[in-house]
Amino acid sequence: MAQKITMSSDGTLQVPDDPIIPYIEGDGTGIDIWPAAQLVLDAGATKHGKHIEWKEVLAGEKAFKATGSWLPEETVQAFRDYLIGIKGPLTTPVGGGIRSLNVALRQVLDLYVCLRPVRWFQGVPSPVRHPELVDMVIFRENTEDVYAGLEVQAGTPDADKLAAFLRDSFGWDLGPMTGIGIKPVSEAKSKRLIRAALEYAIRRGRKSLTMVHKGNIQKFTEGAFRAWGYELVKEEFAGKAVGWDDCQGDPGDRLLVKDVIADNALQQVLLRPAELDVIATTNLNGDYLSDALAAQVGGIGIAPGGNINYVTGHGVFEATHGTAPKYAGQDKVNPGSVILSGVMMFEHLGWDEAAGDIVRALEATIADKIVTYDFARLMDGAHEVRCSEFAKAIVERI
């Protein structure tokens, strides 16, 4: 009988061989890519004596049509109860309308780490000369920064009230018709994000951790993020990690911790990608950086992501791309992002062998030039297949 994943008193996940895992199919192309991903994940699990009892929960357009709510409480409660879940893309309207469901899930479950590994898979077409040098893991803070959603609309009484307070208290004259946003960056939430990145880097034997920030301009938010990071290294990781200035760039057998301005980081990932390894950064920077890096290794169609609270054990793994509604139901798009998010989920559960088999099968499929249209149009001699056919080809190689 299928069982729940639980969290032990020592903070480790207790994962049965037959876990119950909630999933959200996703809007738009979710109808195509989720079944394809499920087929591959089931094959990888079965090979190693595991069986997942998938439990569908609703969010997005499917939920609204069925329940009148974009994010039913039952869905949130399922992720709370079962700890680990996975989801396809969900609609996020631009401008007005409903709140971002992705951000809402992260905040209501306090999934403070957005984990995005970025690496090249052999055979994947890339716009850069040496995509094989890209092997980075981004720890993006999920709950603060501008994504906290603390803003008021220009021309509203709330905006006028806040503008008057800022003028009277700080002498900030913002002028008429100004939208105002608040950018919170706190010591506690910065340190727990950087702590998770440090622990990951040390546990995985990575060579460095780089804090990406815009502290030269935003001195009391992103500048503080940087300062708190170096403070944390000295307070909790002495002997295991060391800041650049404290070792003149020679850490010995310790993890090297350094920092770089955000705009320079976007240049360095192109010019010197081998020098960046694990990255810890604030929310908006992490969004820009992860998408820019994904473009170097095949695009966001094959970029995975996970949202994790390492303290409570909760994690929701997700496709990082949008819903692409014009392709929905055409069995056309690349399911790689959801498949690789499932691989991340398997690794998080300790199912490393199953995860490795799926990655090897995915690479072998692409090496044989069996690919969906997004890769086929960039490759010579490619055999273009449908989304479902791509998944079946991976399963054959598992």
Can you label the angle between the W54 ring and the Y23 ring as parallel, tilted or perpendicular, going by 30° and 60°?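 Correct class here is perpendicular.
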
With side chains defined as the heavy atoms from C-beta onward, is the minimum distance between K189 and L193 less than 4.5 Å?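 Not touching, per the 4.5 Å side-chain cut-off.
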
Give the minimum heavy-atom separation between P131 and W120, together with the two atoms involved.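 So the two residues come closest at O-CB, 3.3 Å.
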
Shared hydrophobic cluster, V185 / I182 (ILVMFWY, side-chain heavy atoms < 4.5 Å):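 The answer is no; the residues belong to distinct hydrophobic clusters.
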
If you group Ile, Leu, Val, Met, Phe, Trp and Tyr by side-chain heavy-atom gaps below 4.5 Å, do I308 and Y200 land in one group?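 Cluster IDs for I308 and Y200 match.
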
Acceptor/donor pairs from residues 382-392 side chains to any protein atom, 3.5 angstrom cut, sequence neighbours excluded:
{"unit_1": "R386", "atom_1": "NH1", "unit_2": "Q330", "atom_2": "O", "d": "3.1"}
{"unit_1": "S388", "atom_1": "OG", "unit_2": "D331", "atom_2": "OD1", "d": "3.4"}
{"unit_1": "S388", "atom_1": "OG", "unit_2": "D331", "atom_2": "OD2", "d": "2.7"}
{"unit_1": "E389", "atom_1": "OE1", "unit_2": "R386", "atom_2": "N", "d": "2.8"}

Is a donor from one side chain sitting under 3.5 angstrom from an acceptor on the other, for [X] and [Y]?
X    : Y    : value
D158 : T156 : no
Q38  : W34  : yes
T320 : E318 : no
H51  : D17  : no
T365 : E363 : no
N142 : N283 : no
H314 : D110 : no

Identify which one of L232, V242, L198, D246 satisfies the side chain to side chain contact (heavy atoms under 4.5 Å, CB included) criterion when paired with V257.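 In the set L232, V242, L198, D246, the residue that makes a side chain to side chain contact (heavy atoms under 4.5 Å, CB included) with V257 is L198.
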
Apply side-chain contact (heavy atoms from CB on, under 4.5 Å) to residues I24 and L90 and explain how you reach the verdict. CA-CA 9 Å; I24 297 170; L90 293 174; 3.9 Å; yes

Tell me the side chain to side chain donor-acceptor pair (under 3.5 Å) pairs involving residues 332-341, sequence neighbours left out?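 Residue pairs passing side chain to side chain donor-acceptor pair (under 3.5 Å), neighbours aside: N334-D374.
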
Taking only residues two or more places apart in sequence, or in another chain, which ones meet H348 in a ring-ring contact (aromatic ring centres under 6.0 Å, His included)?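 With neighbours one apart ignored, the set is F317.
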
Hey, does the Lys NZ or Arg CZ of R140 hover above the aromatic six-ring of Y147, less than 6.0 Å from the centre and inside 45° of the axis?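 Judged by the rule (NZ or CZ under 6.0 Å from the ring centre, within 45° of its axis), R140 counts as positioned above Y147.
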
Remaining members of hydrophobic cluster (4.5 Å side-chain criterion), L256: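 W244, listed by chain and number.
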
Side-chain atoms of residues 167-177: list all donor-acceptor pairs with protein atoms under 3.5 Å, sequence neighbours left out, distances to 0.1 Å.
{"unit_1": "S169", "atom_1": "OG", "unit_2": "F165", "atom_2": "O", "d": "3.1"}
{"unit_1": "D173", "atom_1": "OD1", "unit_2": "G175", "atom_2": "N", "d": "3.4"}

Side-chain polar contacts of residues 265-276 - donor-acceptor pairs under 3.5 angstrom, sequence neighbours left out - could you list them?
{"unit_1": "Q267", "atom_1": "NE2", "unit_2": "N264", "atom_2": "OD1", "d": "3.2"}
{"unit_1": "Q268", "atom_1": "OE1", "unit_2": "R272", "atom_2": "NE", "d": "3.4"}
{"unit_1": "Q268", "atom_1": "OE1", "unit_2": "R272", "atom_2": "NH2", "d": "3.1"}
{"unit_1": "Q268", "atom_1": "NE2", "unit_2": "N264", "atom_2": "OD1", "d": "3.0"}
{"unit_1": "R272", "atom_1": "NE", "unit_2": "E275", "atom_2": "OE1", "d": "3.2"}
{"unit_1": "R272", "atom_1": "NE", "unit_2": "E275", "atom_2": "OE2", "d": "3.2"}

Going through the checks in order, is the salt bridge (charged side-chain N to carboxylate O under 4.0 Å, His left out) test met by E353 and K47? CA-CA 9 Å; E353 291 181 346; K47 181 178 177 181; over 6 Å; no

